[in-house]
Colleague: 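First, the structure itself, so that you have it in front of you.
Below, chain A is the first sequence line, B the second, and so on; all start at residue 1.
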Amino acid sequence: MKKTNTIFQDGDHKWVAIVRDPDRPGHLVDTNEYLVTHGGQGMLLDPGGAEVFPAVFSALSGEFDPSALSAVFASHQDPDICSSLALWLEFNPGMRCYVSWLWESFIPHFGGTKETFVTIPDPGMDIFLGGLSLQAVPAHYLHSSGNFHLYDKQAKILFSGDVGAALLPAGQDALFVENFDTHIRYAEGFHKRWMGSNDAKRRWCERVASMEINLLCPQHGAIYQGSDVQRFINWFDELQVGVLGS
Amino acid sequence: MSPMNPSIAAKEPQAGIDLLRIVRINEEIKAVVGVAFKINIMALNAIFLAKRAGTAALGFGVLSNELRTFSQDLRSCMGALTVLIHRCVTEVSVVLQDIRKTRLLSEAVSLSALSKLNPVVVRRERENIEHQERLAALRRQLLRALDDAFQLVELGGVLAKSAKIEAAYGQSFAASLAQVSGEFDGVVEEIRNSLLALRHSEFFK
Ligand SMILES: [Fe+2]
Ligand SMILES: [Fe+2]
């Protein structure tokens, strides 16, 4: 079963990271899911693949009533992001899925009806959750061509999807990055190969450098906190991406 | 993760095997449909041949018309079978999808603190039963349709054999009439054997 860790709390405004499943079969990439709650409502960010649904669901249900999830946010269309959609909808058929307009007719192959999807235009949009305003931040071509991150200005948290992801070896399962230089080695190959555009990367770095961010939360690997956030942005800005081989 | 519910674990390979079986039945029926089409052309040839033979092949002429009607009936019968088989393939696929969803939902509920009798799992099980009942009804319908086709083919066999007898009275046309009726009989026999094999498919057990 996955672990839940509250990474931010201010009254009923909460961020919970759902991470590390010791029972996950090795052929499935490890993923992080994040639950944001505010005003009694909950939104799950990158709800995960169908095969890890039992682990994510059971961990989440310890924190929050899964049938009260009002929305999921899908950073992009990958199967490790949202192939569990149909299963979440079984618990709340009225749940909404926020996703780039690009994937409006693609993600329904994982489940949902026309009403399920709220599409995000390319420049991004504000998403409201129980009175809290969250910002869908454009991150196109990083790596998906229709890609968004989610910024919570109040909590100073940026959910960064596959950006910042690290494929950590077994046993290295700390929630937060402990040693940036050691950690980033596990992120390098991934960013070079998965991220496709240096221009898009530069725009993203400029955009997020101007934001106040305490925690940068990727969908794979450990969370960057404090000064490691800016360190990551600088590192990414310098990195040449869209590279085949090492 | 908790071990899978044994009843669900057992159903998954069964549905997979059923899907394979129904796909094979579909292929066999496609082949029979092709043969049935051949019969139609053969019956037309028999009618032309009987017309040329004129009074020497009056009996054969009557039978060749019957064979033509038979071949048309056989085609529509095969059309009905094709529709049924497609619906079966769809329904088995739905059952396969149900099994995966049920496995993941039950696992999720049993790992969490929620009650095993969670309404979502209960609803899913209810839908599964509905889909399985629909498949069972289709299975019965398909078996009946195969029986109907078989009876029709038996009639075709009788017609072909009578045509073979009538061919003997065809005087100078006797040899060609015998050839046509012999081919007809052979093809009907081929269809008959295919249908017999289909009726014994494990899918219906
Ligand atoms: Fe991805
Ligand atoms: Fe990913």
Colleague: Looking only at heavy atoms, what is the nearest atom pair of A:Pro66 and B:Leu114, with distance?
Modeller: CG-CD1, 4.5 Å
Colleague: Non-hydrogen contacts under 4.5 angstrom with chain B: give the residues of residues 75-100 of chain A involved, or none if there are none.
Modeller: A:Ala86, A:Leu87, A:Glu90, A:Phe91
Colleague: If you draw a 6.0 Å radius around CZ in B:Phe204, do more than 12 non-hydrogen atoms from other residues or ligands fall strictly inside?
Modeller: yes
Colleague: When you look at CD of B:Glu189, are more than 12 heavy atoms from neighbouring residues, nucleotides or ligands closer to it than 6.0 Å?
Modeller: yes
Colleague: Could you check whether atom CZ of B:Arg134 has more than 12 heavy atoms from other residues, nucleotides or ligands sitting under 6.0 Å from it?
Modeller: yes
Colleague: Can you say whether A:Ala50 sits under 4.5 Å from chain B via the side chain, the backbone, both, or neither, judging by heavy atoms?
Modeller: both
Colleague: Where do A:Phe57 and B:Leu105 land on the side-chain contact (heavy atoms from CB on, under 4.5 Å) test, with the steps shown first?
Modeller: CA-CA 9 Å; A:Phe57 177 90; B:Leu105 286 173; over 6 Å; no
Colleague: Nearest heavy-atom pair of A:Ser58 and B:Ala108: which atoms, and what distance?
Modeller: CB-O, 3.9 Å
